[in-house]
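Chain identifiers are assigned alphabetically (A, B, ...) following the order of the sequence lines, protein sequences preceding nucleic acid strands; residue numbering begins at 1 within each chain. Keep in mind that the numbers below use all heavy atoms, side chains included, and drop hydrogens, waters and symmetry copies.
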2 protein chains.
Amino acid sequence: MRVRLEDVARATGVSPKTVSRVLNEESSVKDSTRQRVLAAMESMNYRPSPSARGLAGSRSFLVAMLYDNNNNPASTYLAEIQDGVLDACDAHRYSMMACPLRMRGQDFIRRVDALVSDHHIDGVIVTPPLTDYPALLKRLQEHGVPHASISPLHREGTIGVCMDEQQAAKALVTHLIELGHRRIAHIVGIANHGASRWRLAGYKEALATAGLPNDPDYVVQGEFTFGSGVMAARQLFALPVCPTAIFAANDDMAAGVMWAANERGLKVPRDLSVCGFDDTPLATQLWPPLTTVRQPSREMGKLAALQLMEKLRGRGTGLLVQVPYSLELRESTSVAP
Amino acid sequence: MRVRLEDVARATGVSPKTVSRVLNEESSVKDSTRQRVLAAMESMNYRPSPSARGLAGSRSFLVAMLYDNNNNPASTYLAEIQDGVLDACDAHRYSMMACPLRMRGQDFIRRVDALVSDHHIDGVIVTPPLTDYPALLKRLQEHGVPHASISPLHREGTIGVCMDEQQAAKALVTHLIELGHRRIAHIVGIANHGASRWRLAGYKEALATAGLPNDPDYVVQGEFTFGSGVMAARQLFALPVCPTAIFAANDDMAAGVMWAANERGLKVPRDLSVCGFDDTPLATQLWPPLTTVRQPSREMGKLAALQLMEKLRGRGTGLLVQVPYSLELRESTSVAP
DNA sequence: CCGCAAATTGACAGCGCTGTCATTTCTGTC
DNA sequence: GACAGAAATGACAGCGCTGTCAATTTGCGG
């Protein structure tokens with residue numbers, strides 16, 4: 001019924017073990033043999049059984065993507081990462097399981113345990129903000145399960161992928177300055193998220209570099225949601241001297257800012273320049289379209305998964321690769337009034 | 001190292017097979033025996049190996065959630081469904097794999113084949129718009145893999161979960177009529193999606209029931225995105241006689257309508273009532289908050305998964321359960337001007 | 001053409017569980 | 001109290017693959 005490894009072996013005239021070697025890309029197989037086996041596999045449409053491989057061997061070819069579904073601000077972001085991870089897994093014949101972790105109490109530790117020991121997970125992709133949850137990372141290490149992080153806050157000894165968000169934020173704010181803006185406000189994301197810190201740091205750096213003052217009134221707290229963007233903007237508009245530009249730490253909040261501006265009768269970008277971060281679909285759906293920083297989430301998921309699988313194969317030491325950002329200059333920003 | 005079924009058997013003084021029976025909830029085990037075995041499992045922290053179970057038995061305890069990542073308008077929706085499915089799977093010790101399907105050409109058939117035969121998938125959760133892709137359903141049937149659908153267009157012989165979207169749309173539009181609106185427009189979603197059809201039908205039904213005319217100019221095509229909502233609204237505003245209320249087939253488009261209204265200087269809800277559908281997070285982030293229909297996506301994912309697992313266990317015949325909608329009447333709608 | 005190390009290949013057991021079928025232990029009945 | 005039939009349990013093989021280690025083949029210097 002099902003084509004087994006043994007069938008391929010028989011068809012090729014070699015032992016099952018040799019077919020297994022080819023399957024696992026072991027080096028000690030003569031090239032001519034490998035070719036014959038591969039050809040047979042192909043023509044017989046052989047597909048190894050993950051269950052059998054998992055049971056007999058030490059590897060499961062399973063990768064888990066962990067995410068925090070407790071306070072899930074940006075499901076678009078996670079969905080894109082997930083797709084990228086799946087892409088990479090597909091290409092290397094790995095499978096992926098998506099695993100939401102509710103970070104209440106210590107229950108999540110048990111979930112991690114269950115996951116790892118049940119399914120023999122080979123490796124884990126960790127997404128923000130889980131990337132900086134020490135208890136989780138510690139547990140993974142105890143299990144001996146390698147992980148790759150996406151945009152981790154602490155980068156030493158971590159493999160995965162990141163973007164120079166601070167540099168990107170700086171570039172964005174510098175762009176505003178070049179447009180003639182001098183009163184530039186920033187809406188910060190959820191405290192302690194890496195993204196929030198870096199973007200704030202980039203904002204401050206740009207101001208400092210340009211020799212502009214860093215007015216604390218111009219830095220208000222948000223929480224990455226549309227609503228918090230609206231609230232933060234209202235707060236800024238209530239200031240005695242309004243900013244002429246607002247850099248929100250993500251697109252959702254920027255959309256909130258635009259809404260609030262509108263509510264107050266401010267025309268974007270004529271009266272107020274607005275920019276965000278992430279380049280979510282929202283950015284181009286708003287009117288005017290939002291100036292923002294493109295964060296290649298999907299690509300990042302893919303790269304993180306690739307890094308992980310490299311490590312699993314024992315090839316390379318695993319790196320924290322950096323993906324390039326790109327400024328998407330659109331119509332929500334213009335010269336200062 | 002690892003606690004095996006055999007260890008539990010030894011500890012309890014029964015044969016491995018009996019432990020296996022308890023594990024699989026077979027009926028032919030004396031109750032006292034079952035209790036002892038369960039106690040031992042608990043105290044030894046026994047966790048069965050999915051690989052071994054998959055290899056030896058006919059079941060894999062794996063469920064796949066299929067989604068279309070080609071044109072993915074509403075990743076929030078899918079993310080919520082996914083979480084619901086995961087919830088249900090967790091509860092019944094099943095695992096879930098998320099599987100995006102690119103519906104280009106015939107490649108996706110191979111992907112389905114690979115999925116089912118590689119992983120021995122026990123069952124599949126199908127999400128819109130895949131629910132109505134005949135080639136996919138046929139292939140699943142050929143593989144003998146049961147599936148549960150979420151909001152399928154064709155309901156006969158299907159198990160899964162649905163909502164009476166037509167009724168919900170009717171109720172929403174009826175609400176507008178009760179507020180005194182007579183010129184009510186509708187922005188349709190992507191053609192052929194079940195959601196689009198039902199919501200349009202509900203709109204028409206409400207008008208007909210109230211004896212209002214069905215002006216074709218007041219029904220414009222959208223595609224479930226913010227941008228398409230903006231375009232559609234502009235089209236409606238350009239009409240000689242403007243509608244006083246717009247029912248968009250989803251929240252994203254409704255947000256687009258609100259934006260366009262704003263752009264044109266129309267105050268919502270004073271000059272124009274707007275309502276959407278789905279109750280995405282966006283609905284409460286807009287200002288004014290959006291009147292919409294709550295679609296319990298997460299709950300629906302959970303229920304679909306439960307239906308599927310019931311079927312897998314051979315219990316019950318599997319149903320298409322209907323979840324209740326609820327009208328979320330908020331500030332974006334008010335009495336007609 | 002031989003001997004030896006290196007390169008390749010193969011034999012075999014067993015991973016942890018379940019399907020099949022045989023066996024034992026209960027029931028209730030006359 | 002013996003007996004049929006049902007209920008409960010067990011023995012055993014084997015799912016499809018890989019780890020271990022042994023066997024074979026190859027390449028090469030002399």
Side-chain angles (χ1 to χ4, degrees), chain A residues 1-38 40-41 44-62 93-95 117-120 122 312-314, chain B residues 1-38 40-41 44-62 93-95 117-120 122 312-314:
Chain A
M1 155 178 168
R2 182 193 174 99
V3 183
R4 291 157 306 148
L5 182 141
E6 194 192 335
D7 303 323
V8 177
R10 200 159 20 226
T12 327
V14 298
S15 76
K17 180 68 218 189
T18 298
V19 179
S20 168
R21 288 194 176 95
V22 173
L23 189 62
N24 291 288
E25 302 181 11
E26 291 175 25
S27 56
S28 62
V29 179
K30 213 200 311 184
D31 203 55
S32 61
T33 311
R34 183 196 317 283
Q35 297 308 330
R36 277 191 304 140
V37 172
L38 286 175
M41 282 180 171
M44 302 174 78
N45 192 28
Y46 168 69
R47 327 201 106 273
S49 150
S51 296
R53 296 228 274 177
L55 183 56
S58 50
R59 293 173 300 171
S60 64
F61 298 91
L62 251 186
R93 293 182 159 262
Y94 270 75
S95 298
S117 62
D118 279 12
H119 291 281
H120 242 272
D122 283 345
L312 293 181
R313 292 179 170 210
Chain B
M1 156 181 167
R2 183 193 174 97
V3 183
R4 290 157 307 148
L5 182 142
E6 193 192 334
D7 303 325
V8 177
R10 199 160 20 227
T12 326
V14 297
S15 76
K17 180 68 218 190
T18 297
V19 179
S20 168
R21 288 195 176 93
V22 173
L23 188 62
N24 291 289
E25 301 181 12
E26 291 174 26
S27 55
S28 61
V29 179
K30 213 201 310 185
D31 204 55
S32 61
T33 311
R34 183 196 318 284
Q35 297 307 331
R36 277 191 303 139
V37 171
L38 286 174
M41 282 181 171
M44 302 174 80
N45 192 28
Y46 168 70
R47 327 202 107 269
S49 150
S51 295
R53 296 228 275 175
L55 184 57
S58 51
R59 294 172 300 172
S60 63
F61 299 91
L62 250 184
R93 293 182 161 258
Y94 270 75
S95 297
S117 62
D118 278 13
H119 290 280
H120 243 272
D122 283 345
L312 293 181
R313 293 180 170 208

Interatomic distance, B:Leu5 CG vs C:dG19 C1' [rounded to whole Å]: 14 Å
Residue list, side chain to side chain contact (heavy atoms under 4.5 Å, CB included) with B:Ala52, at least two apart or on another chain: A:Leu55, B:Ser49
Integer-rounded Å distance: C:dT18 P and B:Glu6 CD: 13 Å
Distance in angstrom units between A:His120 NE2 and C:dC15 P, rounded: 12 Å
Position toward the 5' end of DNA chain D (nearest nucleotide), A:Val19 or B:Gly13: B:Gly13
Qualifying residues under side-chain hydrogen bond (donor to acceptor under 3.5 Å, both in side chains), relative to B:Arg47, sequence neighbours excluded: A:Asp118
Strand contacts (DNA chain C) in residues 49-59 of chain A, 4.0 angstrom heavy-atom criterion: A:Leu55, A:Ala56
Sugar-phosphate only, base, or nothing, as touched by A:Pro48 at under 4.0 Å among non-hydrogen atoms: sugar-phosphate
Audit row: A:Ser95, B:His119, side-chain hydrogen bond (donor to acceptor under 3.5 Å, both in side chains) steps and yes/no: CA-CA 9 Å; A:Ser95 298; B:His119 290 280; 2.7 Å; yes
Residue pairs involving residues 13-24 of chain A (criterion salt bridge (charged side-chain N to carboxylate O under 4.0 Å, His left out); sequence neighbours excluded): A:Arg21-A:Glu26
Salt bridge (charged side-chain N to carboxylate O under 4.0 Å, His left out) against A:Glu6, all qualifying residues, sequence neighbours excluded: A:Arg4, A:Arg10
Length of the line joining A:Arg10:CZ and C:dG10:C1', which is rounded to integer Å: 15 Å
Under 4.0 Å protein heavy-atom contact, by nucleotide of nucleotides 4-9 of chain D - B base, S sugar-phosphate only: ----SB
Counterpart residues, side-chain hydrogen bond (donor to acceptor under 3.5 Å, both in side chains), relative to B:His120 (two or more places apart): none
Atom-to-atom span, CG of A:Asp7 to C1' of D:dC15 - whole angstrom: 13 Å
Nucleotide C:dT9, atom P - distance to NZ of A:Lys17 in whole Å: 13 Å
Between C:dG19 (C1') and B:Leu23 (CG): distance, integer Å: 15 Å
Partner residues of B:Arg59 under the side chain to side chain contact (heavy atoms under 4.5 Å, CB included) criterion, sequence neighbours left out: B:Asn24, B:Phe61, B:Asp122
Protein-nucleotide distance (A:Asp118, atom CG; C:dC17, atom C1'), rounded to Å: 14 Å
Nearest non-hydrogen partners of A:Val8 and A:Met44, listed with the distance: CA-SD, 3.9 Å
For A:Arg36, side-chain hydrogen bond (donor to acceptor under 3.5 Å, both in side chains) partners two or more places apart: none
Among B:Ser20, B:Pro48, B:Ser58, the one residue meeting side chain to side chain contact (heavy atoms under 4.5 Å, CB included) with B:Arg53: B:Pro48
Bending between helix ends of the helix from C:dC1-D:dG30 to C:dC30-D:dG1 [5 pairs per end, 10° resolution]: 30°
Listed partners of B:Thr33 passing side-chain hydrogen bond (donor to acceptor under 3.5 Å, both in side chains), at least two apart: none
